[in-house]
Amino acid sequence: MRLINTITDRVTRSVNWLITSGCKQVYDEDANRKIIVINLFAMVGMSITFALGISAMIDNDRVLGIVLLSSSALFGLCKALLLHSKVLYNHVLAPFILVVSLAGLMLYLVITGGVANTGPLWIYVLPPVAMFFAGVVYGVITVAVFITLCSYILFAADGWFVVAHYTTEFKLRLLYSFATVTFLSAFYEHSRQTSFNIVKDLSDKFEKQAQQDMLTRLPNRRGIQQFIEFESARARRQKKPLTLILCDIDRFKRVNDQYGHDGGDVVLKHVSDLFKASIREQDGVARWGGEEFLFVLPDTEESNAVVLAEKVRETLATSPVELQQKKVVITASFGVAQIDFEQGLDKALTLADKALYKAKEKGRNKVLSASSLARL
């Protein structure tokens, strides 16, 4: 039983790998979905054309057999390109080869008629495939070129190098019905892409809202967490310092009690705008919760972060905010701690919080660093 489970697990992982090969996190959801469909289409197309090619060779139809086996090889090439993710633009080259190969095979079937003149029935596969992989614009261009070539083959070149013989009624209905399928495929793909873009925009909007504090327009705790993780990994990899500053507005409850929550919101926005204007482009600041804020300073040692915190503290203390036609001075306390990657992020946050608490204990409107706590 254990052996069966192991084999099943390995088979499942192999199948998933074959289906998802070529997908990357840097691609959007729609691009990765197309890659999965390309994988499936290439594997199915390779299998079908290979089987039909072998069947044709057995029936001594060598030309058809060679064409089908060649198509199978091209479908296999598409799959191989996606398996090798180092190939530049493999996610673009693979569908291009697939669509061109499919169109070429369809033209051959129109010229030769395939088996018992049923070959043209396969051409209806082309429009949805071209629209899905190439998009509406390039898909329509591809199919338009195909229809032009088909029209020439069926009418202008008939009897010259066209092997199969079709009635005029069959040719016209074939092209009319193919044009109808093309229109429906283009309409469907346009609708699908429009719907996808609408859903994606909404998803991005909601994701941004989920990571942003609506009052201050700063990242919230969830939003800054991603920034911290990214900068922590970069700092650890490059052996660069990374420092945190935890800040708390002094006597914020008194502001709410005296000026109401609307006054408190004005103070929070005032402080947030000042903080955003005080940091570098590569730095981050977030509303950590309530009246607390967190600064994340890449490539910054604790001593330099203390200097920045002092400047921010002084600027805030000398920039009063107007509340109910009164100039109100707002101050804040700051705790600074550099991340020790052996101890982790939580330890640095704890040390910054302790330094912040000590700064409040010593009279507020002060900056203290974690390293200075040992000297107190």
Side-chain angles (χ1 to χ4, degrees), residues 19-46 48-49 71 74-82 85 87-111 119-155 171-207:
I19 293 174
T20 60
S21 57
C23 295
K24 296 181 181 179
Q25 291 183 347
V26 295
Y27 299 154
D28 60 29
E29 183 182 351
D30 194 46
N32 282 325
R33 184 186 296 112
K34 285 185 178 181
I35 289 172
I36 291 174
V37 175
I38 291 171
N39 282 322
L40 291 170
F41 193 90
M43 288 189 292
V44 172
M46 180 175 61
I48 292 176
T49 51
S71 299
L74 288 172
F75 289 141
L77 176 61
C78 294
K79 179 61 188 167
L81 284 172
L82 294 176
S85 58
V87 177
L88 193 61
Y89 300 118
N90 62 339
H91 66 294
V92 176
L93 189 58
F96 174 79
I97 294 175
L98 191 150
V99 172
V100 171
S101 301
L102 185 62
L105 177 60
M106 297 301 104
L107 286 174
Y108 174 80
L109 292 176
V110 171
I111 292 171
L121 298 178
W122 288 97
I123 68 174
Y124 299 104
V125 175
L126 183 61
V129 172
M131 300 299 169
F132 182 79
F133 291 144
V136 175
V137 175
Y138 290 109
V140 168
I141 293 173
T142 300
V143 176
V145 172
F146 180 83
I147 290 178
T148 302
L149 291 174
C150 276
S151 300
Y152 176 78
I153 290 169
L154 292 173
F155 292 101
K171 296 175 187 178
L172 291 174
R173 281 160 179 73
L174 180 69
L175 293 177
Y176 291 158
S177 58
F178 183 78
T180 303
V181 172
T182 299
F183 170 77
L184 293 175
S185 299
F187 178 77
Y188 170 78
E189 180 59 25
H190 179 266
S191 301
R192 188 195 68 82
Q193 192 61 53
T194 301
S195 300
F196 175 82
N197 290 336
I198 292 173
V199 172
K200 187 176 183 300
D201 290 342
L202 288 174
S203 177
D204 292 343
K205 180 180 178 181
F206 291 145
E207 181 66 21

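The model shown is predicted, which means the values in this text are computed figures rather than measured ones. Just so it is clear, the values below take in all heavy atoms, side chains as well, and ignore hydrogens, waters and symmetry mates.
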Measuring only between side-chain heavy atoms, which start at C-beta, is [X] closer than 4.5 Å to [Y]?
| X | Y | result |
| --- | --- | --- |
| Phe146 | Thr182 | no |
| Leu105 | Leu74 | no |
| Pro128 | Ser185 | yes |
| Tyr124 | Ser177 | yes |
| Leu175 | Phe155 | yes |

Next item on the list: Step through the shown structure and confirm whether more than 12 heavy atoms of other residues, nucleotides or ligands are within 6.0 Å of CZ on Arg173.
Entry: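 Not buried by this count: 12 neighbours or fewer within 6.0 Å.
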
Note to self: Taking OH in Tyr138 as the centre, count heavy atoms belonging to other residues, nucleotides or ligands within less than 6.0 Å. Is the count above 12?
What the structure shows: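 Open.
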
Next item on the list: With side-chain contact (heavy atoms from CB on, under 4.5 Å) as the test, would you mind laying out the steps for Leu154 and Leu174 before giving the verdict?
Entry: CA-CA 10 Å; Leu154 292 173; Leu174 180 69; 4.2 Å; yes

Notebook entry, point to check: Should Phe75 and Ile48 be marked as a side-chain contact (heavy atoms from CB on, under 4.5 Å) after you check the CA-CA gap, both sets of side-chain angles, and the distance that decides it?
Noted result: CA-CA 10 Å; Phe75 289 141; Ile48 292 176; over 6 Å; no

Checklist line | side-chain contact (heavy atoms from CB on, under 4.5 Å) evaluation trace for Thr142 with Met131 | finding: CA-CA 9 Å; Thr142 300; Met131 300 299 169; over 6 Å; no

Note to self: Determine whether Ile123 and Val181 satisfy the following criterion, side-chain contact (heavy atoms from CB on, under 4.5 Å), listing intermediate values before the conclusion.
What the structure shows: CA-CA 10 Å; Ile123 68 174; Val181 172; over 6 Å; no

Margin query: If I take atom CG from residue Leu202 and atom CG from residue Asn197, how far apart are they, to the nearest 0.5 angstrom?
Written below: 11.0 Å

Item checked: Between SG on residue Cys150 and CZ on residue Phe178, distance to nearest 0.5 Å -> 6.5 Å

